[in-house]
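Written below as structure tokens is the structure these notes are about.
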Amino acid sequence: MRLFSRRSFRPIQHFLYAAFVILWFKDNFAGLRGLSISFWVPFLPLLGLTGLRLFIALREKDGQPRKLRIRLCGEITALVILLLAAVIFRLPYLTHPAGMMTSDDAIPALMGKHIADGKVPPNSF
């Protein structure tokens with residue numbers, strides 16, 4: 001039995017992921033708002049542990065790299081190409097400072113700004 005296997009790290013990884021999610025959304029819960037722990041505290045070990053599990057998964061028992069065999073059918077290849085094309089064509093909108101804002105989005109954006117600033121929320125559109 002090996003000391004470090006992928007399965008032995010799974011409970012620790014689940015705990016770190018749960019801690020990360022709780023700390024990421026802690027401002028949404030009144031009882032957790034006073035916590036001064038950053039979400040980076042569980043996130044960085046989670047990244048390291050995930051990388052370690054991937055490294056172990058890519059190694060064979062004798063220490064030689066495993067050959068990865070990836071077979072993609074035509075449907076998956078077409079889906080990946082469509083998703084990449086959608087991301088590439090949306091990059092100019094995402095990099096622009098205004099994003100994909102149009103004049104129709106101004107009212108909901110101002111409503112959201114008022115709510116985020118702690119002002120009286122609007123009662124109608």
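In this text, all values refer to a predicted model and were calculated from it rather than measured experimentally. Just so you know, these numbers use all the heavy atoms, side chains as well, and skip hydrogens, waters and symmetry mates.
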Cluster question for you: counting only ILVMFWY and a side-chain heavy-atom cut-off of under 4.5 Å, with indirect links fine, are Leu83 and Leu91 together? no
Are Phe39 and Phe29 connected into the same hydrophobic cluster when the rule is that any two of I, L, V, M, F, W, Y join if their side-chain heavy atoms are below 4.5 Å apart? yes
Which heavy atom of [X] sits nearest a heavy atom of [Y], and at what distance?
X: Gln13; Y: Leu49; result: N-CD2, 3.6 Å
X: Leu35; Y: Lys26; result: O-NZ, 2.9 Å
X: Leu46; Y: Thr50; result: O-OG1, 2.7 Å

Can you say whether the rings of Trp24 and Phe20 are parallel (under 30°), tilted (30 to 60°) or perpendicular (over 60°)? tilted
[atom2] on [Y] to [atom1] on [X], rounded to 0.5 Å:
X: Leu110; Y: Ile115; atom1: CG; atom2: CD1; answer: 11.0 Å
X: Ile81; Y: Ile88; atom1: CD1; atom2: CD1; answer: 10.5 Å
X: Ile37; Y: Leu32; atom1: CD1; atom2: CG; answer: 10.0 Å
X: Asn28; Y: Ile22; atom1: CG; atom2: CD1; answer: 12.5 Å

Assess whether atom OH of Tyr17 is packed by more than 12 heavy atoms of other residues, nucleotides or ligands within 6.0 Å. no
I need the full list of side-chain hydrogen bond (donor to acceptor under 3.5 Å, both in side chains) pairs touching residues 107-116, with sequence neighbours left out, sorted by first then second residue. Lys113-Asp117
Determine whether Pro42 and Leu23 make a side-chain contact, defined as any pair of heavy atoms from C-beta on separated by less than 4.5 Å. yes
